[in-house]
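The structure appears right after this line, and notes come after that.
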Amino acid sequence: MDWVALDDTDSPAGGCTTHAAVLLRAELAEAGAEPVGRPLLVRLNPNVPFKTRGNAAVALPVEAPWSVDIEAVVLRALKKVVRKSYPETRPGLVVCEGEPPRVCESVYKEAVRRILTPRRVRESVDDDVNVVLGGRGVVGAIAALGFARIRKNHEVTFEGIAYRAEKYWGTERRVEENSVRKFDRRTFPVTFDNLDGRNGDVLITPNTPCPVLYGVRSVEPNVLKIAPKMIETREPVVKYEIFESNQATDAHLVRVDRLAEAEDYSNIVLDLTVVEEPRRIPGGHVVVGCEDEDGAMVDIAAFRPTRPLTEVVAALHPGDEIRVAGALRPETPKHPRTVNVEKLRVLRLERVEEVRNPVCGRCRRSMKSAGRRKGFKCGCGERAPEDSKVKVEVPRELVEGVTYEAPPVARRHLSKPEYLVKLGLLEPSPMSR
(Lines give C-alpha, C1' and ligand atoms only; values in the text may rest on other atoms or scores of the structure.)
Protein backbone atom coordinates (compact mmCIF):
# COMPACT_ATOMS: atom_id res chain seq x y z
CA MET A 1 0.00 0.00 0.00
CA ASP A 2 1.29 3.46 -0.94
CA TRP A 3 0.48 6.86 0.54
CA VAL A 4 -0.13 10.29 -0.92
CA ALA A 5 -0.14 13.25 1.50
CA LEU A 6 -0.71 16.95 0.97
CA ASP A 7 -1.19 20.27 2.76
CA ASP A 8 -1.59 24.01 2.14
CA THR A 9 -3.79 23.95 -0.95
CA ASP A 10 -6.40 26.48 0.20
CA SER A 11 -6.62 30.16 1.04
CA PRO A 12 -8.74 32.48 3.23
CA ALA A 13 -10.82 33.18 0.10
CA GLY A 14 -11.75 29.55 -0.47
CA GLY A 15 -10.59 26.06 -1.14
CA CYS A 16 -10.21 23.15 1.27
CA THR A 17 -7.44 20.59 1.72
CA THR A 18 -9.93 17.77 2.38
CA HIS A 19 -11.77 18.67 -0.82
CA ALA A 20 -8.47 18.57 -2.70
CA ALA A 21 -7.91 15.10 -1.24
CA VAL A 22 -11.33 13.91 -2.44
CA LEU A 23 -10.53 15.12 -5.97
CA LEU A 24 -7.13 13.41 -5.83
CA ARG A 25 -8.74 10.12 -4.82
CA ALA A 26 -11.08 10.33 -7.80
CA GLU A 27 -8.22 11.07 -10.21
CA LEU A 28 -6.13 8.22 -8.79
CA ALA A 29 -9.05 5.79 -9.07
CA GLU A 30 -9.65 6.83 -12.67
CA ALA A 31 -5.95 6.22 -13.44
CA GLY A 32 -6.13 2.72 -11.92
CA ALA A 33 -4.81 3.37 -8.41
CA GLU A 34 -7.47 2.01 -6.06
CA PRO A 35 -8.22 3.94 -2.84
CA VAL A 36 -7.99 1.59 0.16
CA GLY A 37 -9.24 2.41 3.64
CA ARG A 38 -10.27 5.82 4.84
CA PRO A 39 -8.47 9.06 4.06
CA LEU A 40 -6.83 10.74 7.05
CA LEU A 41 -7.63 14.26 8.23
CA VAL A 42 -4.72 15.39 10.40
CA ARG A 43 -4.91 18.59 12.42
CA LEU A 44 -1.61 20.26 13.28
CA ASN A 45 -0.55 22.98 15.74
CA PRO A 46 -3.54 25.37 15.96
CA ASN A 47 -1.24 28.08 17.33
CA VAL A 48 0.76 28.52 14.11
CA PRO A 49 0.40 32.24 13.25
CA PHE A 50 0.48 31.74 9.45
CA LYS A 51 -2.13 28.97 9.20
CA THR A 52 -4.95 29.49 6.70
CA ARG A 53 -7.86 28.28 8.87
CA GLY A 54 -7.87 24.94 10.69
CA ASN A 55 -4.29 23.90 9.85
CA ALA A 56 -5.17 20.46 8.47
CA ALA A 57 -3.24 18.03 6.28
CA VAL A 58 -4.51 14.92 4.51
CA ALA A 59 -3.07 11.48 3.76
CA LEU A 60 -4.56 9.02 1.25
CA PRO A 61 -3.85 5.27 1.22
CA VAL A 62 -3.78 3.80 -2.30
CA GLU A 63 -2.85 0.59 -4.09
CA ALA A 64 -1.39 1.27 -7.50
CA PRO A 65 -0.11 -1.10 -10.20
CA TRP A 66 3.38 -0.45 -11.54
CA SER A 67 1.89 1.11 -14.67
CA VAL A 68 0.34 4.04 -12.76
CA ASP A 69 2.56 7.09 -12.34
CA ILE A 70 1.16 8.36 -9.03
CA GLU A 71 3.24 11.54 -9.08
CA ALA A 72 2.02 12.56 -12.50
CA VAL A 73 -1.61 11.87 -11.59
CA VAL A 74 -1.58 13.88 -8.35
CA LEU A 75 0.34 16.77 -9.88
CA ARG A 76 -2.17 17.00 -12.71
CA ALA A 77 -5.07 16.89 -10.28
CA LEU A 78 -3.52 19.40 -7.88
CA LYS A 79 -3.31 22.06 -10.59
CA LYS A 80 -7.11 22.10 -10.62
CA VAL A 81 -7.54 22.86 -6.93
CA VAL A 82 -4.63 25.05 -5.76
CA ARG A 83 -5.62 28.69 -5.18
CA LYS A 84 -3.10 30.31 -7.52
CA SER A 85 -4.40 33.82 -6.88
CA TYR A 86 -3.32 33.64 -3.23
CA PRO A 87 0.49 34.01 -2.98
CA GLU A 88 0.68 32.50 0.52
CA THR A 89 -0.62 29.13 -0.72
CA ARG A 90 2.51 26.95 -0.87
CA PRO A 91 1.46 23.34 -1.35
CA GLY A 92 3.34 20.37 0.00
CA LEU A 93 2.86 17.01 -1.72
CA VAL A 94 4.65 13.76 -0.90
CA VAL A 95 4.40 10.17 -2.11
CA CYS A 96 5.50 7.23 0.02
CA GLU A 97 5.83 3.65 -1.17
CA GLY A 98 4.81 1.22 1.54
CA GLU A 99 4.59 2.04 5.26
CA PRO A 100 5.73 5.58 6.13
CA PRO A 101 9.21 5.58 7.71
CA ARG A 102 9.70 6.11 11.45
CA VAL A 103 11.06 9.64 10.94
CA CYS A 104 7.58 10.76 9.84
CA GLU A 105 6.24 9.79 13.26
CA SER A 106 8.57 12.25 15.01
CA VAL A 107 7.65 14.97 12.49
CA TYR A 108 3.96 14.46 13.33
CA LYS A 109 4.53 14.63 17.08
CA GLU A 110 6.43 17.88 16.70
CA ALA A 111 4.24 19.47 14.03
CA VAL A 112 1.09 19.06 16.13
CA ARG A 113 2.76 20.88 19.05
CA ARG A 114 5.43 23.22 17.67
CA ILE A 115 6.40 25.25 14.60
CA LEU A 116 8.70 23.45 12.16
CA THR A 117 10.48 24.80 9.09
CA PRO A 118 9.98 23.13 5.69
CA ARG A 119 13.73 22.91 5.15
CA ARG A 120 14.30 21.06 8.40
CA VAL A 121 11.49 18.62 7.65
CA ARG A 122 12.66 17.96 4.10
CA GLU A 123 16.17 17.26 5.37
CA SER A 124 14.88 14.93 8.08
CA VAL A 125 13.10 12.62 5.64
CA ASP A 126 15.95 12.77 3.09
CA ASP A 127 15.26 10.00 0.54
CA ASP A 128 12.78 8.07 2.71
CA VAL A 129 9.79 9.70 0.98
CA ASN A 130 9.43 11.35 -2.40
CA VAL A 131 8.84 15.09 -1.99
CA VAL A 132 6.93 16.09 -5.12
CA LEU A 133 6.16 19.65 -4.00
CA GLY A 134 8.28 21.07 -1.19
CA GLY A 135 6.43 24.27 -0.24
CA ARG A 136 5.49 25.18 3.31
CA GLY A 137 2.79 22.51 3.20
CA VAL A 138 5.45 19.79 3.14
CA VAL A 139 5.52 19.98 6.95
CA GLY A 140 1.87 18.99 7.20
CA ALA A 141 2.13 16.42 4.41
CA ILE A 142 4.96 14.51 6.10
CA ALA A 143 3.30 14.91 9.50
CA ALA A 144 0.18 13.30 8.00
CA LEU A 145 2.32 10.32 7.00
CA GLY A 146 3.50 10.16 10.60
CA PHE A 147 -0.09 10.01 11.84
CA ALA A 148 -0.77 7.26 9.31
CA ARG A 149 2.04 5.28 10.90
CA ILE A 150 0.97 5.62 14.54
CA ARG A 151 -2.81 5.95 14.41
CA LYS A 152 -3.55 2.29 15.18
CA ASN A 153 -1.97 2.71 18.61
CA HIS A 154 -3.37 6.17 19.36
CA GLU A 155 -6.77 7.69 19.99
CA VAL A 156 -8.67 8.62 16.84
CA THR A 157 -12.03 10.15 15.94
CA PHE A 158 -13.92 10.45 12.66
CA GLU A 159 -15.58 13.13 10.56
CA GLY A 160 -18.13 12.78 7.78
CA ILE A 161 -17.87 15.71 5.35
CA ALA A 162 -20.44 16.63 2.70
CA TYR A 163 -19.30 18.79 -0.24
CA ARG A 164 -21.21 21.39 -2.26
CA ALA A 165 -21.54 21.92 -5.96
CA GLU A 166 -19.13 24.62 -7.14
CA LYS A 167 -21.90 27.02 -8.14
CA TYR A 168 -22.90 27.27 -4.46
CA TRP A 169 -19.45 28.11 -3.10
CA GLY A 170 -19.51 31.38 -1.19
CA THR A 171 -23.30 31.36 -0.75
CA GLU A 172 -25.36 30.67 2.36
CA ARG A 173 -25.46 26.95 3.16
CA ARG A 174 -28.88 25.38 2.76
CA VAL A 175 -29.02 22.83 5.56
CA GLU A 176 -32.32 22.18 7.34
CA GLU A 177 -31.62 22.94 11.00
CA ASN A 178 -34.48 20.81 12.34
CA SER A 179 -33.04 17.75 10.61
CA VAL A 180 -29.68 18.40 12.30
CA ARG A 181 -31.38 18.57 15.69
CA LYS A 182 -33.20 15.31 14.97
CA PHE A 183 -29.91 13.71 13.91
CA ASP A 184 -28.27 14.96 17.11
CA ARG A 185 -31.04 13.54 19.31
CA ARG A 186 -30.60 10.15 17.66
CA THR A 187 -26.77 9.98 17.59
CA PHE A 188 -25.42 12.14 20.47
CA PRO A 189 -23.01 11.61 22.22
CA VAL A 190 -21.46 9.22 19.67
CA THR A 191 -21.57 12.21 17.34
CA PHE A 192 -20.66 15.39 19.15
CA ASP A 193 -20.61 19.17 18.92
CA ASN A 194 -23.42 19.25 16.36
CA LEU A 195 -25.17 21.99 18.34
CA ASP A 196 -24.19 24.84 20.65
CA GLY A 197 -25.36 23.75 24.10
CA ARG A 198 -25.99 27.35 25.11
CA ASN A 199 -28.58 28.25 22.50
CA GLY A 200 -29.06 25.19 20.27
CA ASP A 201 -27.49 26.80 17.20
CA VAL A 202 -26.33 24.38 14.50
CA LEU A 203 -22.52 24.08 14.36
CA ILE A 204 -21.88 21.58 11.57
CA THR A 205 -21.84 24.19 8.78
CA PRO A 206 -18.66 26.29 8.35
CA ASN A 207 -18.72 30.06 7.88
CA THR A 208 -16.06 30.21 5.17
CA PRO A 209 -16.47 30.22 1.35
CA CYS A 210 -15.09 26.68 1.08
CA PRO A 211 -16.56 23.61 -0.69
CA VAL A 212 -17.72 22.00 2.57
CA LEU A 213 -21.48 21.93 3.08
CA TYR A 214 -21.35 20.34 6.53
CA GLY A 215 -19.12 18.18 8.70
CA VAL A 216 -20.20 15.77 11.47
CA ARG A 217 -17.74 14.44 14.05
CA SER A 218 -17.97 11.13 15.83
CA VAL A 219 -16.08 8.77 18.14
CA GLU A 220 -16.80 5.87 15.77
CA PRO A 221 -17.25 5.73 11.97
CA ASN A 222 -20.36 3.66 11.30
CA VAL A 223 -22.85 6.16 12.71
CA LEU A 224 -21.60 8.71 10.18
CA LYS A 225 -23.03 6.61 7.35
CA ILE A 226 -26.55 7.72 8.29
CA ALA A 227 -25.75 11.45 8.31
CA PRO A 228 -26.53 12.02 4.59
CA LYS A 229 -29.80 10.13 5.03
CA MET A 230 -30.96 12.16 8.04
CA ILE A 231 -29.51 15.62 7.43
CA GLU A 232 -31.71 17.37 4.89
CA THR A 233 -30.31 20.01 2.53
CA ARG A 234 -31.85 22.35 -0.03
CA GLU A 235 -28.85 22.02 -2.32
CA PRO A 236 -27.21 18.88 -3.73
CA VAL A 237 -24.48 16.99 -1.89
CA VAL A 238 -22.00 16.16 -4.64
CA LYS A 239 -19.72 14.02 -2.48
CA TYR A 240 -19.67 12.63 1.06
CA GLU A 241 -16.48 11.24 2.61
CA ILE A 242 -15.67 9.82 6.05
CA PHE A 243 -12.21 10.71 7.37
CA GLU A 244 -10.22 9.18 10.20
CA SER A 245 -8.69 11.94 12.30
CA ASN A 246 -6.77 13.14 15.35
CA GLN A 247 -9.46 15.74 16.07
CA ALA A 248 -10.79 15.98 19.65
CA THR A 249 -7.83 14.06 21.08
CA ASP A 250 -5.80 16.85 22.76
CA ALA A 251 -2.81 15.68 20.69
CA HIS A 252 -1.57 19.28 20.57
CA LEU A 253 -1.22 19.71 24.33
CA VAL A 254 2.18 19.52 26.04
CA ARG A 255 2.41 19.11 29.83
CA VAL A 256 5.06 21.42 31.35
CA ASP A 257 5.98 22.00 34.99
CA ARG A 258 7.13 25.60 34.60
CA LEU A 259 7.07 28.41 32.07
CA ALA A 260 10.82 28.14 31.48
CA GLU A 261 10.17 24.78 29.78
CA ALA A 262 7.44 26.15 27.50
CA GLU A 263 8.01 27.19 23.90
CA ASP A 264 6.16 30.15 22.40
CA TYR A 265 3.36 29.13 20.02
CA SER A 266 3.10 25.73 21.70
CA ASN A 267 -0.06 24.54 23.44
CA ILE A 268 0.64 23.86 27.09
CA VAL A 269 -0.91 22.35 30.19
CA LEU A 270 0.49 24.15 33.24
CA ASP A 271 -0.34 24.54 36.95
CA LEU A 272 -0.47 28.17 38.12
CA THR A 273 -1.38 30.29 41.11
CA VAL A 274 -3.56 33.36 40.61
CA VAL A 275 -1.77 36.48 41.93
CA GLU A 276 -3.96 39.35 40.66
CA GLU A 277 -7.61 40.25 40.51
CA PRO A 278 -9.18 39.46 37.11
CA ARG A 279 -9.67 42.42 34.82
CA ARG A 280 -12.14 42.86 31.98
CA ILE A 281 -10.87 44.42 28.77
CA PRO A 282 -12.84 45.94 25.87
CA GLY A 283 -14.63 43.41 23.72
CA GLY A 284 -15.86 41.17 26.53
CA HIS A 285 -12.52 39.49 27.23
CA VAL A 286 -11.14 38.66 30.69
CA VAL A 287 -7.48 38.48 31.74
CA VAL A 288 -5.84 37.55 35.05
CA GLY A 289 -2.19 37.49 36.14
CA CYS A 290 -0.74 34.21 37.42
CA GLU A 291 2.63 32.73 38.36
CA ASP A 292 4.20 29.30 38.11
CA GLU A 293 6.08 27.42 40.85
CA ASP A 294 9.22 29.47 40.09
CA GLY A 295 7.37 32.78 40.37
CA ALA A 296 7.46 33.45 36.62
CA MET A 297 4.51 35.61 35.59
CA VAL A 298 2.05 34.91 32.79
CA ASP A 299 -1.41 36.22 31.92
CA ILE A 300 -4.23 33.84 31.16
CA ALA A 301 -6.92 35.17 28.85
CA ALA A 302 -10.44 34.04 27.95
CA PHE A 303 -12.05 35.73 24.98
CA ARG A 304 -15.67 36.66 24.41
CA PRO A 305 -16.49 33.75 22.02
CA THR A 306 -15.54 31.30 24.80
CA ARG A 307 -18.20 32.60 27.20
CA PRO A 308 -19.05 31.22 29.80
CA LEU A 309 -15.31 30.41 30.15
CA THR A 310 -14.79 34.18 30.43
CA GLU A 311 -16.94 34.19 33.57
CA VAL A 312 -14.91 31.32 35.03
CA VAL A 313 -11.73 33.39 34.66
CA ALA A 314 -13.55 36.44 36.05
CA ALA A 315 -14.51 34.43 39.16
CA LEU A 316 -10.88 33.62 40.07
CA HIS A 317 -9.26 35.17 43.14
CA PRO A 318 -5.65 35.70 44.20
CA GLY A 319 -4.39 32.53 45.86
CA ASP A 320 -6.48 30.15 43.75
CA GLU A 321 -4.52 27.25 42.28
CA ILE A 322 -5.49 26.24 38.75
CA ARG A 323 -4.42 24.10 35.81
CA VAL A 324 -4.78 25.71 32.40
CA ALA A 325 -4.55 24.36 28.86
CA GLY A 326 -4.15 26.68 25.93
CA ALA A 327 -2.03 28.48 23.35
CA LEU A 328 1.09 30.21 24.67
CA ARG A 329 1.51 33.57 22.97
CA PRO A 330 4.89 35.35 23.16
CA GLU A 331 5.57 38.56 25.05
CA THR A 332 5.21 41.75 22.99
CA PRO A 333 5.95 45.41 23.78
CA LYS A 334 2.26 45.86 24.65
CA HIS A 335 1.38 42.51 26.22
CA PRO A 336 3.06 40.01 28.54
CA ARG A 337 3.37 36.33 27.75
CA THR A 338 -0.18 34.99 27.65
CA VAL A 339 -2.00 31.66 27.65
CA ASN A 340 -5.22 31.79 25.62
CA VAL A 341 -7.33 29.40 27.66
CA GLU A 342 -9.03 26.36 26.12
CA LYS A 343 -9.65 24.60 29.43
CA LEU A 344 -9.26 25.48 33.09
CA ARG A 345 -9.31 23.08 36.04
CA VAL A 346 -9.70 24.36 39.59
CA LEU A 347 -7.15 22.62 41.84
CA ARG A 348 -7.70 24.64 45.05
CA LEU A 349 -9.86 27.64 45.89
CA GLU A 350 -8.64 30.31 48.26
CA ARG A 351 -10.94 31.10 51.19
CA VAL A 352 -12.44 34.54 50.53
CA GLU A 353 -13.88 36.63 53.35
CA GLU A 354 -15.51 40.03 53.53
CA VAL A 355 -16.36 42.29 56.45
CA ARG A 356 -20.08 42.91 56.93
CA ASN A 357 -22.33 44.76 59.32
CA PRO A 358 -23.54 42.72 62.31
CA VAL A 359 -26.81 40.78 62.19
CA CYS A 360 -29.57 41.78 64.61
CA GLY A 361 -29.87 39.21 67.38
CA ARG A 362 -33.62 39.70 67.60
CA CYS A 363 -34.88 39.72 63.97
CA ARG A 364 -31.79 38.32 62.15
CA ARG A 365 -31.63 41.17 59.68
CA SER A 366 -28.46 43.00 58.71
CA MET A 367 -28.04 46.14 60.82
CA LYS A 368 -27.31 49.58 59.40
CA SER A 369 -24.85 52.25 60.51
CA ALA A 370 -26.21 54.52 63.22
CA GLY A 371 -23.82 57.27 62.19
CA ARG A 372 -20.15 58.08 62.54
CA ARG A 373 -18.77 56.30 65.63
CA LYS A 374 -22.30 55.51 66.84
CA GLY A 375 -22.28 51.80 66.02
CA PHE A 376 -25.16 50.02 64.31
CA LYS A 377 -28.91 49.94 64.64
CA CYS A 378 -31.82 47.81 63.47
CA GLY A 379 -35.37 48.85 62.57
CA CYS A 380 -36.63 46.85 65.55
CA GLY A 381 -34.67 49.09 67.94
CA GLU A 382 -31.70 46.83 68.67
CA ARG A 383 -28.22 48.40 68.64
CA ALA A 384 -24.63 47.11 68.34
CA PRO A 385 -21.27 48.74 69.12
CA GLU A 386 -18.84 50.15 66.55
CA ASP A 387 -16.50 47.14 66.73
CA SER A 388 -19.16 44.51 66.07
CA LYS A 389 -18.57 44.06 62.33
CA VAL A 390 -18.07 40.39 61.40
CA LYS A 391 -16.01 38.46 58.86
CA VAL A 392 -18.10 36.24 56.63
CA GLU A 393 -16.85 33.64 54.16
CA VAL A 394 -18.01 34.44 50.64
CA PRO A 395 -19.36 31.45 48.69
CA ARG A 396 -17.30 30.77 45.57
CA GLU A 397 -18.94 30.29 42.19
CA LEU A 398 -16.27 27.79 41.10
CA VAL A 399 -15.89 24.18 42.24
CA GLU A 400 -12.64 22.42 43.07
CA GLY A 401 -11.84 19.45 40.83
CA VAL A 402 -14.02 20.63 37.97
CA THR A 403 -12.59 21.29 34.50
CA TYR A 404 -14.23 24.20 32.68
CA GLU A 405 -13.86 24.46 28.89
CA ALA A 406 -14.73 26.56 25.88
CA PRO A 407 -18.19 25.88 24.40
CA PRO A 408 -18.44 23.86 21.16
CA VAL A 409 -18.80 26.99 19.01
CA ALA A 410 -15.35 28.16 20.18
CA ARG A 411 -13.69 24.76 20.61
CA ARG A 412 -10.52 24.09 18.64
CA HIS A 413 -10.52 21.09 16.33
CA LEU A 414 -7.96 19.23 18.43
CA SER A 415 -9.43 20.08 21.83
CA LYS A 416 -11.02 17.08 23.55
CA PRO A 417 -14.55 17.70 24.90
CA GLU A 418 -14.44 16.94 28.61
CA TYR A 419 -18.00 15.61 28.63
CA LEU A 420 -16.93 12.79 26.30
CA VAL A 421 -14.21 11.85 28.79
CA LYS A 422 -16.76 11.73 31.62
CA LEU A 423 -18.97 9.48 29.49
CA GLY A 424 -16.06 7.14 28.83
CA LEU A 425 -16.15 7.72 25.08
CA LEU A 426 -12.68 9.27 24.95
CA GLU A 427 -9.52 8.66 26.95
CA PRO A 428 -8.69 10.78 30.03
CA SER A 429 -7.72 14.37 29.32
CA PRO A 430 -4.28 15.81 30.22
CA MET A 431 -6.23 18.13 32.52
CA SER A 432 -7.01 15.28 34.91
CA ARG A 433 -3.59 13.62 34.98
Side-chain angles (χ1 to χ4, degrees), residues 43-49 51 55 105-117 120 139 143 146-147 150 154-155 246-276 278 286-303 306 309 312-313 316 318-332 335-349 398 400-406 411-418 421 426-433:
R43 297 287 177 181
L44 304 172
N45 184 357
N47 209 12
V48 171
K51 67 181 181 182
N55 201 13
E105 180 179 339
S106 61
V107 171
Y108 166 70
K109 290 179 178 178
E110 287 194 78
V112 79
R113 297 170 177 170
R114 303 177 53 211
I115 296 178
L116 302 180
T117 64
R120 175 187 167 188
V139 175
F147 179 69
I150 70 171
H154 285 70
E155 189 171 40
N246 64 344
Q247 295 178 139
T249 64
D250 279 345
H252 62 311
L253 296 181
V254 181
R255 186 74 167 91
V256 295
D257 292 326
R258 51 185 61 84
L259 280 165
E261 302 172 6
E263 186 175 332
D264 288 340
Y265 297 109
S266 63
N267 305 274
I268 62 173
V269 178
L270 175 65
D271 293 352
L272 296 167
T273 300
V274 178
V275 295
E276 298 176 353
V286 182
V287 178
V288 63
C290 301
E291 65 178 19
D292 69 1
E293 62 180 35
D294 294 335
M297 289 290 297
V298 67
D299 275 356
I300 67 167
F303 297 94
T306 68
L309 192 56
V312 172
V313 174
L316 292 171
D320 290 345
E321 296 175 6
I322 59 175
R323 178 172 298 155
V324 295
L328 181 61
R329 310 296 293 185
E331 182 179 2
T332 69
H335 301 285
R337 219 174 181 196
T338 303
V339 178
N340 295 349
V341 180
E342 294 178 29
K343 304 179 185 181
L344 186 152
R345 183 177 180 86
V346 178
L347 303 178
R348 188 189 68 82
L349 289 173
L398 307 179
E400 291 182 358
V402 170
T403 297
Y404 301 90
E405 60 184 330
R411 199 191 318 277
R412 285 181 149 172
H413 297 291
L414 279 164
S415 192
K416 179 179 296 189
E418 291 293 317
V421 175
L426 292 178
E427 296 173 5
S429 161
M431 297 298 287
S432 57
R433 297 172 190 164

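All figures in this text were calculated on a predicted structure; none of them were measured in a lab.
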Is [Y] close to [X] at the side-chain level, that is, under 4.5 Å between some pair of heavy atoms?
X	Y	value
Arg323	Val346	no
Val324	Asp271	no
Leu253	Pro430	yes
Arg329	Asn340	yes
Val298	Glu331	no
Asn246	Tyr108	yes
Glu342	His252	yes

Sorted by chain and number, sequence neighbours left out, side chain to side chain donor-acceptor pair (under 3.5 Å) with Asp320 holds for Arg396
Sorted by chain and number, sequence neighbours left out, side chain to side chain donor-acceptor pair (under 3.5 Å) with Asp264 holds for Arg337
Open item on the list: Does Asp292 form a salt bridge (Lys or Arg N to Asp or Glu O under 4.0 Å) with Arg258? I'd like the steps, not just the answer.
Closed with: CA-CA 6 Å; Asp292 69 1; Arg258 51 185 61 84; 5.8 Å; no
Does [X] reach the main-chain N or O of [Y] with its side chain, forming a donor-acceptor pair under 3.5 Å?
X	Y	answer
Asn47	Ser266	yes
Thr332	His335	yes
Ser429	Met431	yes
Glu155	Glu427	yes

State whether a side-chain donor-acceptor pair under 3.5 Å links Asn45 with Asn267. yes
### Query
With a 4.0 Å cut-off, would you call Arg120 and Glu110 a salt bridge?
yes
